[in-house]
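In each ligand, atom 1 is the first atom listed, and ligand 1 is the first ligand listed.
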Amino acid sequence: MTVTEFHCKNWRNLAETTLRPQAGINVFYGENAQGKTNLLEALWVCSGARSFRGAKEADLIRFDQKAARLDLAFEAGGRSQQLTMQLGAGKQITLNGVEKKSATDLCETVATVIFAPNHLGLVKDGPQVRRGFLDFALARLKPSFAALQEQYDRALDQRNALLRDRRAATMGELLDLWEDALARLGSIYARQRQIYTQRITPFASRFYYELSGQKETLGLAYDGAEASADEGGYELLKEQLRQARETDQRMGYTTVGPHRHDLLLTINDMPARTFGSQGQQRSAALALKLAEAEVLAEYSGEVPVILLDDVMSELDGGRQDYLLNKFSGRQIFLTCCDPAAIPRLSDGSVFLVKDGEIHARA
Ligand SMILES: Nc1ncnc2c1ncn2[C@@H]1O[C@H](COP(=O)(O)OP(=O)(O)OP(=O)(O)O)[C@@H](O)[C@H]1O
Ligand SMILES: [Mg+2]
């Protein structure tokens, strides 16, 4: 997908501005609080997703205004398309002139992947962030995945409730039932995550290797792979649940299963979370997001637009150079504060963001 023109009105601090990006890399620079992240957020929301800053819809509308409007002209599926989004009283979305009831399936047409500073958590934070990454990516590829997740969560809630209810006379039998359901759903759940991990691994490894100047390696492994086995995954999970019963009753929750699994990341065979430097961790998180975009492209046939917010800080010259110049074949929107990185840009468009306005630079 390629954005050809973007217009927004009353989106956060962007009063009214029009952008004509090029098909390759577009760099947006400017001082703090000028509207760079707001611009990427607007493009991201065009893909039907919620704000990556967890903002409420009302926060997205410019202070003192009642409505915001986004207009996106783009090439996708071999033709020119047009999206309009009106926020505020009477939210309205149209795609190629046809009104859309909901934004949820927009991502099938408007494909973007965002890397924001909080995505560093993919490497630095606890396992729930990495599980969330896998699950979000899977839900985007397969609508049926969300239903599986829901069923699993429901079975988990039931087992947890039983663990805490010591009075139930038939608890043993009921636990048997819910553990069977959990093991059955859980092994499918883990298998989906394991397959996805296998799909992103070659891309993430290659991006990381290239980013690091062909010096370092990134390893990925789904920690829970045994439970995902086609043969024996169900039996294994069931046995794990049975064995954990006593502990789980004491704890009051379920301690085994996909809701406890992790995506293990290593840099040069050492755990990235504990041993990675700032730049290495940032590079690893970035490699994961770029790999997510590749898998999405493989699946949908449409290369997503890549939104990179504030990715340059902490990256050395070589890594910045890779991002700015070696990463062709897709449209990129990249923000930074420091225009000093821009001389490194051999081909691309540069824009200054100031006071909520976007100015093209020669
Ligand atoms: N609904 C809104 N209406 C008007 N202004 C808003 C609204 N929401 C946020 N802002 C303002 O937008 C400004 C710019 O935010 P943004 O996050 O885009 O800055 P930035 O250019 O990315 O800065 P930095 O380099 O610090 O990341 C903030 O000062 C914020 O107060
Ligand atoms: Mg910002």
Please set out all donor-acceptor pairs under 3.5 angstrom arising from side-chain atoms of residues 101-115, sequence neighbours excluded.
from   : atom 1 : to     : atom 2 : distance (Å)
Ser102 : OG     : Thr104 : N      : 3.0
Ser102 : OG     : Thr104 : OG1    : 2.7
Thr112 : OG1    : Ser47  : OG     : 3.3

Review item, side-chain donor-acceptor pairs of residues 323-332, under 3.5 Å, at least two apart:
from   : atom 1 : to     : atom 2 : distance (Å)
Asn325 : OD1    : Ser346 : N      : 2.8
Asn325 : OD1    : Ser346 : OG     : 3.0
Asn325 : ND2    : Asp321 : OD1    : 2.7
Asn325 : ND2    : Arg344 : O      : 2.5
Lys326 : NZ     : Asp321 : OD2    : 2.9
Arg330 : NE     : Ser328 : O      : 3.3
Arg330 : NH1    : Glu294 : OE2    : 2.4
Arg330 : NH2    : Ser328 : O      : 3.3
Gln331 : OE1    : Val3   : N      : 2.5
Gln331 : NE2    : Val3   : O      : 3.0
Gln331 : NE2    : Gln22  : O      : 2.7

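Using a cut-off of 4.0 Å between Lys/Arg side-chain N and Asp/Glu carboxylate O, Lys289 and Glu292 are scored as salt-bridged. Between Arg159 and Asp248, at least one side-chain nitrogen of the basic residue sits less than 4.0 Å from a carboxylate oxygen of the acidic one, meeting the salt-bridge criterion. Salt bridge status for Glu216 with Arg319: present, with a side-chain N to carboxylate O gap under 4.0 Å.
Protein residues with a heavy atom under 4.0 Å from ligand 1 are Arg12, Asn13, Glu31, Asn32, Ala33, Gln34, Gly35, Lys36, Thr37, Asn38, Arg53, Asp59, Ile61, Arg62, Phe63, Cys337.
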### Query
Please walk me through it: do Thr17 and Trp11 pass side-chain contact (heavy atoms from CB on, under 4.5 Å)?
CA-CA 10 Å; Thr17 197; Trp11 177 272; over 6 Å; no
### Task
Decide side chain to side chain donor-acceptor pair (under 3.5 Å) for Asp309 and Thr37; before the verdict, give the C-alpha distance in whole Å, the side-chain angles of both, and the deciding distance to 0.1 Å.
CA-CA 6 Å; Asp309 192 23; Thr37 301; 2.8 Å; yes
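A tilted orientation is assigned to the rings of His259 and Tyr152, their planes being inclined by 30° to 60°.
Within the 3.5 Å criterion, the main-chain N or O of Gly30 finds a donor-acceptor partner in the side chain of Lys36.
Within the protein, the number of N/O/S atoms found under 2.8 Å from the Mg ion (ligand 2) is 1.
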